[in-house]
Undergrad: 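So that we are looking at the same thing, I have put the structure below in structure tokens.
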Amino acid sequence: MLTHRGFSACIISEGKPIPEYLAAVVGENPKTISCWIPSEVGKTFTVYWRDEGTKMHSCAFITLDGFVVPGRFLYGEGETWRNGVRSGPHTERPFMFAQGPSLGASEQSMKDAGSIMLKIRLVTLDGSKAANPLQNIPDLNSQSHLGDHCIGYGQEMNTYKQSPITWKVKASDQGSNKSHVTFLFRYRSPGEF
């Protein structure tokens with residue numbers, strides 16, 4: 001598990017953290033810590049994170065090969081996770097590693113291809129707003145990818161009902177509109193390590 005700036009994070013598959021290799025703080029951006037993880041086609045995964053006791057509210061965003069998925073809120077301590085993207089008011093599609101199509105570059109940015117990024121912002125809760133709208137989930141042919149794997153989305157599954165409201169936030173006094181910490185998990189097939 002990576003730990004940086006008061007938070008910890010890892011990617012879990014089949015109930016266990018995926019091994020992390022070459023973890024390092026990114027030189028040009030000291031708020032970012034990155035590592036390499038092996039990916040296995042067809043395996044679902046969960047993005048897990050924990051507040052180690054900042055005593056500050058936080059919100060997170062997850063970027064999967066350039067596709068941004070809302071994360072969750074933490075309230076100065078505790079842990080949470082996200083293992084899929086909303087596909088309906090009562091359904092979501094799980095995150096999974098998939099075999100990338102043998103196509104060239106796509107419309108999404110190649111800079112985020114081959115990565116799972118968790119960005120955490122420190123925030124002040126400022127009332128409520130309407131829940132995030134459902135997103136158009138990308139298919140494998142529209143995603144950027146490096147190597148032979150990419151992020152896919154499994155079959156739709158039932159989940160808890162989406163709340164009609166969420167928190168409205170503003171940057172905390174100690175934070176900014178930028179991330180307090182970013183965890184960057186670069187994934188590749190085990191043969192590419």
Side-chain angles (χ1 to χ4, degrees), residues 5-13 31-32 43-98 106-109 111-113 115-144 150-185:
R5 296 179 57 87
F7 289 86
S8 297
C10 66
I11 307 299
I12 296 173
S13 185
K31 293 181 179 182
T32 299
K43 300 270 175 127
T44 59
F45 65 87
T46 299
V47 180
Y48 167 90
W49 65 103
R50 177 173 59 223
D51 183 324
E52 299 290 352
T54 65
K55 305 298 182 215
M56 301 285 300
H57 294 146
S58 62
C59 67
F61 298 90
I62 301 166
T63 304
L64 307 157
D65 287 350
F67 177 61
V68 180
V69 176
R72 306 238 189 264
F73 291 93
L74 285 174
Y75 306 98
E77 62 184 0
E79 59 191 46
T80 192
W81 61 88
R82 190 77 198 250
N83 60 0
V85 59
R86 277 265 173 212
S87 55
H90 300 276
T91 57
E92 65 180 20
R93 292 179 59 190
F95 304 145
M96 66 182 289
F97 294 112
S106 74
E107 55 197 64
Q108 289 187 354
S109 170
K111 76 179 182 81
D112 293 327
S115 69
I116 301 164
M117 192 172 359
L118 172 66
K119 291 185 174 190
I120 300 173
R121 286 179 53 204
L122 298 179
V123 297
T124 300
L125 304 180
D126 190 29
S128 61
K129 65 175 189 151
N132 297 319
L134 295 176
Q135 298 171 272
N136 292 324
I137 300 171
D139 64 20
L140 294 179
N141 292 323
S142 69
Q143 298 220 143
S144 299
C150 64
I151 301 297
Y153 303 90
Q155 292 297 313
E156 197 168 69
M157 299 172 28
N158 288 328
T159 190
Y160 62 90
K161 181 181 177 183
Q162 182 179 23
S163 172
I165 58 170
T166 189
W167 290 109
K168 183 177 168 185
V169 299
K170 60 183 179 182
S172 73
D173 291 340
Q174 296 180 16
S176 70
N177 285 331
K178 297 189 177 191
S179 299
H180 171 72
V181 63
T182 298
F183 295 92
L184 177 58
F185 300 90

Undergrad: Is any side-chain heavy atom of L134 closer than 4.5 Å to one of Q162?
TA: yes
Undergrad: What residue among I116, T44, L64 forms side chain to side chain contact (heavy atoms under 4.5 Å, CB included) with F95?
TA: L64
Undergrad: Taking atom CG as the centre, does N136 end up with more than 12 heavy-atom neighbours from other residues, nucleotides or ligands that are less than 6.0 angstrom away?
TA: no
Undergrad: Take E92 and N83 through the side-chain contact (heavy atoms from CB on, under 4.5 Å) test and state the conclusion after the steps.
TA: CA-CA 9 Å; E92 65 180 20; N83 60 0; 3.1 Å; yes
Undergrad: Are any non-hydrogen side-chain atoms of F183 and I120 less than 4.5 angstrom apart?
TA: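 Yes. Closest side-chain heavy atoms under 4.5 Å.
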Undergrad: Please give me the minimum heavy-atom distance between A171 and T124, naming the atom from each residue.
TA: O-OG1, 4.1 Å
Undergrad: Looking at side-chain heavy atoms only, is the closest gap between S13 and F97 below 4.5 Å?
TA: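 They are not in side-chain contact.
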Undergrad: So do the side chains of F73 and W167 get within less than 4.5 Å of each other, counting heavy atoms only?
TA: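 With C-beta onward as the side chain, the pair touches.
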Undergrad: Between I62 and W49, is the side-chain contact (heavy atoms from CB on, under 4.5 Å) condition met? List the steps.
TA: CA-CA 11 Å; I62 301 166; W49 65 103; 4.1 Å; yes
Undergrad: Which distance, rounded to the nearest 0.5 Å, do you find between the CG of D65 and the CD1 of I151?
TA: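 D65 CG to I151 CD1: 5.0 Å, rounded to 0.5 Å.
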Undergrad: Are the side chains of D126 and V169 in touch, meaning some heavy atoms are under 4.5 Å apart?
TA: no
Undergrad: Could you tell me if the side chain of F185 sits less than 4.5 Å from the side chain of V47, heavy atoms only?
TA: no
Undergrad: Using a 4.5 Å cut-off on heavy atoms from C-beta on, say whether the side chain of K31 contacts that of S179.
TA: no
Undergrad: To the nearest 0.5 Å, what is the distance between CD on E79 and CD on E52?
TA: 9.5 Å
Undergrad: Does V68 offer a backbone N or O that forms a donor-acceptor pair with the side chain of Q135 under 3.5 Å?
TA: yes
Undergrad: If you round to the nearest 0.5 Å, how far is CZ of R50 from CZ of F7?
TA: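 Separation between the atoms: 11.5 Å.
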Undergrad: Within a strict 4.5 Å, meaning less than it, do heavy atoms of the E77 and K55 side chains meet?
TA: yes
Undergrad: With a distance cut-off below 6.0 Å to the six-membered ring centre and an angular limit of 45° from the axis, does R86 pair with Y160 as a cation-pi contact?
TA: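 Satisfied, under 6.0 Å and within 45°.
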Undergrad: So how far is it from K119 NZ to T182 OG1, rounded to the nearest 0.5 Å?
TA: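 Reported to 0.5 Å precision, the distance equals 5.5 Å.
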Undergrad: Can a donor-acceptor pair be found, under 3.5 Å and without considering hydrogens, that links the side chain of R5 to the backbone of H180?
TA: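 Between the backbone of H180 and the side chain of R5 there is a qualifying donor-acceptor contact (under 3.5 Å).
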Undergrad: Would you check if the side chain of R72 reaches a backbone N or O of W81 as a donor-acceptor pair within less than 3.5 Å?
TA: yes
Undergrad: For T54 and M56, indicate whether the former's side chain and the latter's backbone hold a donor-acceptor pair under 3.5 Å.
TA: yes
Undergrad: Check whether any side-chain N or O of R93 sits under 3.5 Å from a backbone N or O of G154 as a donor-acceptor pair, and report yes or no.
TA: yes
